[in-house]
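Before any comments, here is the structure.
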Amino acid sequence: MKVALRINGTLREAEVEPRKTLLDTLRENFHLTGAHAGCEHGVCGACTVLVDGAPMRSCLMFAVQADGYEITTIEGLAPAPGELSVLQDAFCETHGLQCGFCTPGMILSSHALLEREGSPSRQEIVEAISGNICRCTGYGQIIEAVEFAAERLRKANAPRGSALPHVGAPGTEPSAQDDAAIEHGILEAATAHDGGPK
Amino acid sequence: MTADPSTFRFVSSNRRVREDRRFVVGNGHYVADVPLEGMLHVAIVGSQYPAARILGIDASAALAMPGVHYVLTGEELAGAVDQLMNGLDTPNVRRFPLAVGQVRYAGEWVAAVVADTRALAEDASEKVRVSYEPLPYLTKAGEALEPSSPPVHPPHGSNVLLDKTFVWGEVEKHFTESPRHLSFRVTWGRNSTVPIETFGVVASWDPWREMLDVWASIQMPKYPDQIARALRIPANNVRVHQDVDVGGSYGVKRGIKHTVLVAHLARRLGRPVRLLEDRLENMRGGDAHGPERIFDVDVAFNDEGIVKSMKMKALDNAGAYAGRAPFQLGKPIGAIVGPYKIESVQYRAQSVTTNKAVQEAVRGFGQSPTNYAIETAIDKVARACGLDRVEIRRRNFIRADEFPYLIPSGTRYDSGEYHTVVDKVLAHIDYPALQAERDRLRASGLLAGIGIAACLEPSGGNSSFEPLLNEKNQTTTWMDSARINVDGLGFVTVTIHTTSAGQGHETLAATVVAEVLQIDPDLIRIVRPDSLACLPSNTPVGSRMAIMLGGACFHAAQKLKAKLTRIGAFRLGVAADVATYENGAVADPASGRKLDWAELVNIAHRGFHLLPPDTEPGLEATHVMQVPTGDKLPEGGRVQMYPCHSFEFHMVLIALDPVLGKPEIRRYVIGHDCGTVINPHIVKGMTLGGIAHGIGAALLEEFVYDDEGQMLTQSFMDYLLPSSHEVPQVEIVHHCTPSPFTVFGQKGSGESGYLGAPAAISGALNDAVADLGIFFDKLPIRIFAISDAVAAARANPTGKTAV
Ligand code: FES
Ligand code: FES
């Protein structure tokens, strides 16, 4: 049957079987693969998305049930391509992840917490992420990330527009200049173009 | 050690982990995210019986469903592929991806259903009718030793896969001479690493190119070779794509049976085929359980608590096929005395088959269970001698001035300052205050205990345990490699030749190459070519990548730097050993003249006429690195196992309500020494994650089988992983004793925390209940076991209870 879902602010339609979960629909119909299947029985939280701002397990919800709700996936958090939200950047700062498989769910649960509580206590953070199992990190650096993000948000820092590094600079592409000698080495490239390959 | 720590720019600095950026936005590239045109999906039919003859498989109803393409049975598969590799010399323990003729554990894969969607394949799998004739079965390792036990593999003749006794040193003499002895038994329950991402694999076959393409959530040495052997195709017809992010592994992601299955189907059906385990397939039949081990330990010691000798018998329940289980009894031989000066050891390693799921390599490869047994012994000796548990460890520790230290089983420990680490931890935690806090908790009516564990993390993994346990195996290298290319525009790209599961190898490689070349790590691109373009790698096993990938990157960068220096020196008209390399430029120190990076790159890429004679154009360097110290076959049952030995010292305070029995970790401090740290964030994460994993093994996680041979813990509702509620805030006390055998002095940390946490938690709980006469002798120590034992002890205050 047809569903119309509002995902990350855009209305999107798909033809799905009534038994198809929201998780499978997001991944297969809309190619939003940031939500992950960890257990498909509602325990691990890897499939977490926000439904009207509240963390939900998309493996336990049918797509047809999501009709009419505002759905936010991890793909909807970064302000622009190549940029990170304050919370996402905080996870990078404290290395609040390893394999990254739980991370989208973890970040969405934390995001929902920070939306409603600007100064969460450690206990509140522990509570907010307790439905998201992380096998890699032991949670320490995740909790630090949320604390750090809360602090930065409190200080009303604008999200850092982290420059996505690019290779070389205009005019130095091989196609443009064939095999002309380079003028800048890697060290100059670093200062001249504020970045390089990651 | 080759590099001078005082000059480190990037090594040991708190730089971000570059991989994190893609994951925080949900842009990881996991196997489930690999889209292939026309892909078919597999669901598995699992055995209902722990042991049964397969009388017939009727797939007609399943095949009649629209969208169902195929039902594969073990019979067909066994005719088309070779049996899976078996590390031991047990040719009659044959293993195929699907059961052939007989099932050997409940959940074993019997048939594979292929359909247009996974949901359809699951529906159809319910329509496959398998008729069985149940056979006798067994689940306990003890039973498997009985000659009368029903053989899991009748052609093998018994259930014993391995029974080997090693005697290192004068064990009997030391036992006779020692005034005091004690013995005990402890059991390590069957658990595993259980990554949040299950195993998955996609394969496609191109019959015109004769190429099998594989994408998998894999962490497995020699993976392409094993696929090629099983499928009987040339190894260069197998292309494994290494740019797949692995959603956690910690050892277990070695789905060779899954891979051979889908590869065969892809060839058979001419379409790409995908198998993503669901959680049930993963836990029940994914063949990824960990060790299940009974230790019988005798120790000989004196009144001062000095342990002279130890006899350890380790009986491991391998499950239905050999897998990697027997070898997980072998690796701990490399640290069989832990951090202690035990002079002689008798070690009997027994591995038996039962009708349970198959084991795979699990974080530590058998070391954490062994450490649990050793640490229990040390605690018991302390109690017998009336000594403090920290003091007894200090008395038995190898001293800093005794390194390199040769242990009885043939491994030479590289370095360590155990006493110093302990002193630092005690100062940090304020040991008398911790004891006072425990006593205060006790006075308030709670049970409270302090747990202490000291142990080693052997690292830099080689495979010495293979020739040690199987004389036909003559392997003496377990290399890893790196290649660096500087392109014509001067940008640096490094290739690494394995997948990663969150260990930050891209960050590691960039940091090391940048350190040597003295350029910004953020300017270095790291790529993972497919396996056909790869240099040899043995993947991140045995806590080895800081040492082995880090080492390979270091040496490759040194070669590149040497070439740059030769080119520069030649242009400057000075000898290469006179010219200096600094920040990418080569200078003549006498004249001050120099060539910068761009000039050097231009010469290498465009000016052959400017190159020194006999110099290849371009700027490229590779290095294939041998494991330090791992160059000899075993002799007389002794071998150098891993090269490096990280040290960890855990102290934990646990309190619990005697009626509820729920342990609450009030304080957790770990002293950690893994030599030079390359990236502090990564090491911290490994350590904290390892402790959380150890908490699971100690308190929560177990694959439980009932008397009918069925696994009861088939979902995350029954198999409990620690959540943020169960994992306390952990304080890390750092120490650095560089290894003399590695380029920066680094040691491994991939198993840190996990190797001592179970022992420490067991120690704390046993300290909490010792006065009640209780001894918990089996992990995990579940809440109900605690409350039941306490209730029983209180009802019967005189009796001794071993639980
Ligand atoms: S996949 Fe939804 S909770 Fe685990
Ligand atoms: S980062 Fe791997 S499960 Fe959390």
Side-chain angles (χ1 to χ4, degrees), chain A residues 17 19 27 33-41 43-44 46 73-75 77-78 84 88 91-95 97-104 107 126 129-131 133-141 143 165 167-168 172 174 179 181-190 195-198, chain B residues 16-28 30 32-33 119 193-197 245-248 278-279 488-492 501-503 519-520 522-525 583-584 596-598 601-602 606 681-682 684-685 688-693 715-717 721 723-725 727 729-730:
Chain A
E17 275 187 74
R19 67 170 178 174
R27 293 183 54 87
T33 53
H36 298 142
C39 66
E40 296 173 284
H41 54 254
V43 179
C44 75
T73 70
I74 191 69
E75 289 86 354
L77 285 200
L84 304 177
Q88 288 168 322
F91 269 72
C92 295
E93 180 63 26
T94 66
H95 188 44
L97 63 144
Q98 287 172 33
C99 77
F101 202 73
C102 73
T103 309
I107 288 180
V126 165
I129 62 168
S130 64
I133 304 294
C134 177
R135 192 51 155 176
C136 293
T137 63
Y139 307 102
Q141 288 148 298
I143 295 167
V167 183
T172 57
D179 197 22
I182 58 168
E183 288 164 34
H184 299 293
I186 192 163
L187 304 165
E188 290 86 345
K198 289 274 181 190
Chain B
R16 286 188 175 197
V17 176
R18 62 169 56 200
E19 287 88 338
D20 292 354
R21 279 180 71 83
R22 65 176 182 264
F23 295 126
V24 297
V25 294
N27 205 15
Y30 302 95
D33 307 333
T193 69
V194 193
I196 306 301
E197 181 204 48
D245 290 315
V246 179
D278 68 12
R279 192 46 73 183
L489 300 184
F491 288 93
V492 180
Q503 305 97 327
I519 58 178
D520 183 350
D522 286 346
L523 295 169
I524 299 174
R525 169 82 63 182
N583 297 338
D596 69 11
W597 180 267
V601 170
N602 279 328
R606 298 174 183 85
H681 287 304
I682 293 176
K684 178 177 172 183
L688 297 182
I691 289 172
H693 187 186
S715 78
F716 283 170
M717 316 262 199
L721 301 173
S723 79
S724 56
H725 282 309
V727 183
Q729 193 160 12
V730 173

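These figures come from a predicted structure and were not determined experimentally. Here is how names work: the chains are called A, B, and so on, in the same order as the sequence lines, proteins then strands, and each is numbered from 1.
Ranked by heavy-atom pairs under 4.5 Å with chain B, the first of A:V126, A:L77, A:T94 is A:V126. Chain A forms the most heavy-atom pairs under 4.5 Å with one residue out of B:A692, B:G28, B:P195, B:G247, and that residue is B:G247. When each of A:G140, A:G131, A:G100 is checked for heavy-atom pairs under 4.5 Å with chain B, A:G100 comes out on top. Highest contact tally toward chain B, considering only A:T103, A:I133, A:T73, is held by A:I133 [criterion: heavy-atom pairs under 4.5 Å]. Interface check for chain B: of the options A:C92, A:C44, A:G34, A:A37, the most heavy-atom pairs under 4.5 Å are formed by A:C92.
Only the side chain of A:E40 comes within contact range of chain B, judged by heavy atoms closer than 4.5 Å. For chain A, the nearby parts of B:A32 are the backbone and the side chain; heavy atoms of each come within less than 4.5 Å. Neither the backbone nor the side chain of B:V730 comes within contact range of chain A; no heavy atoms are under 4.5 Å apart. Residue B:I691: no heavy atom, backbone or side chain, is found under 4.5 Å from chain A. For B:E19, no part sits under 4.5 Å from any heavy atom of chain A, backbone or side chain. At a 4.5 Å heavy-atom cutoff, B:D245 makes no contact with chain A through either its backbone or its side chain. Contacts between B:F716 and chain A at a heavy-atom distance below 4.5 Å involve backbone atoms as well as side-chain atoms. The contact between A:T137 and chain B is made entirely by backbone atoms, counting heavy-atom distances below 4.5 Å.
Across every non-hydrogen atom of A:A46 and A:G38, the tightest pair is CB-N, 4.1 Å. Nearest approach of A:H95 to B:H681, heavy atoms of both residues: CD2-O, 3.4 Å. B:R22 and B:V25 get closest at one heavy-atom pair: O-CG2, 3.4 Å. Contact detail for B:I519 and B:V492: the closest heavy-atom pair is CD1-CG2, 3.8 Å.
Annotation: side chain of A:L97 is not in contact with side chain of A:I107 (no heavy-atom distance under 4.5 Å). In this structure the side chain of B:H693 reaches within 4.5 angstrom of the side chain of B:T193, judged on heavy atoms.
A search for side-chain hydrogen bond (donor to acceptor under 3.5 Å, both in side chains) contacts involving B:D278 returns B:R118, not counting sequence neighbours.
Under the 3.5 Å distance criterion, the side-chain polar atoms of A:H41 are matched with a main-chain donor or acceptor of A:C39.
Under the 30°/60° scheme for interplanar angles, the aromatic rings of A:H36 and A:F101 are found to lie parallel.
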